[in-house]
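Below is one structure, written out as structure tokens; comments come after it.
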Amino acid sequence: MFILKGDEITEEEKVFEITASEVTIEVRDAKTGVTYKRTLPIDFYENANFLKLTGENLDGSLSSIVFYSMRGIERVKDLTGKGPDHDPCGTHR
């Protein structure tokens, strides 16, 4: 997991997950170069396997978007039986 400290990104091994009840998005308009910043009521959850954003639709129901890391994709494959057919710890029969 990486953490932004000032302008530098450092690896922080003690952080296993990040949660928040709002996110701040910063975008730069391609035409004008003007930067806009918005804080939105979106739940944020991130760990080594995926990043999940959850918010409300126009009708008030919850909607989520999940972005998987390569590690997360491999774990999903293993859970669904599509991963490599080997026993990594040597204890399964």
* OG1 of Thr39 to CD of Glu22: how many Å apart, nearest 0.5 Å? -> 5.5 Å
* Structure fact -> Heavy atoms of Phe44 and Val23 approach each other most closely as CB-CG1, 3.8 Å
* To do: Mind checking the CD-NZ spacing from Glu46 to Lys52? Nearest 0.5 Å is all I need.
  => 14.0 Å
* Asked: What's the spacing between Leu62 CG and Asp43 CG if we round to 0.5 Å?
  -> 8.0 Å
* Linking Ile, Leu, Val, Met, Phe, Trp and Tyr by side-chain heavy atoms under 4.5 Å, what else ends up with Tyr68? -> Tyr45, Phe50, Val66, Met70, Ile73, Val76
* **Side-chain (Asp59) to main-chain (Ser61) donor-acceptor, under 3.5 angstrom** => yes
* Structure fact -> Nearest heavy-atom contact between Ser69 and Ala48 is OG-O, 2.7 Å
* Give, for atom CD1 of Ile25 and atom CG of Leu40, the distance between the pair rounded to the nearest 0.5 Å. => 4.5 Å
* Asked: Is the shortest distance from a Lys or Arg side-chain nitrogen in Glu74 or Lys77 to a carboxylate oxygen in the other one below 4.0 Å?
  -> yes
* Which residues pass the side-chain contact (heavy atoms from CB on, under 4.5 Å) test with Tyr36, sequence neighbours left out? -> Val27, Asp29, Val34, Arg38
* Asked: Partners of Ser64 by side-chain hydrogen bond (donor to acceptor under 3.5 Å, both in side chains), sequence neighbours excluded?
  -> Thr54
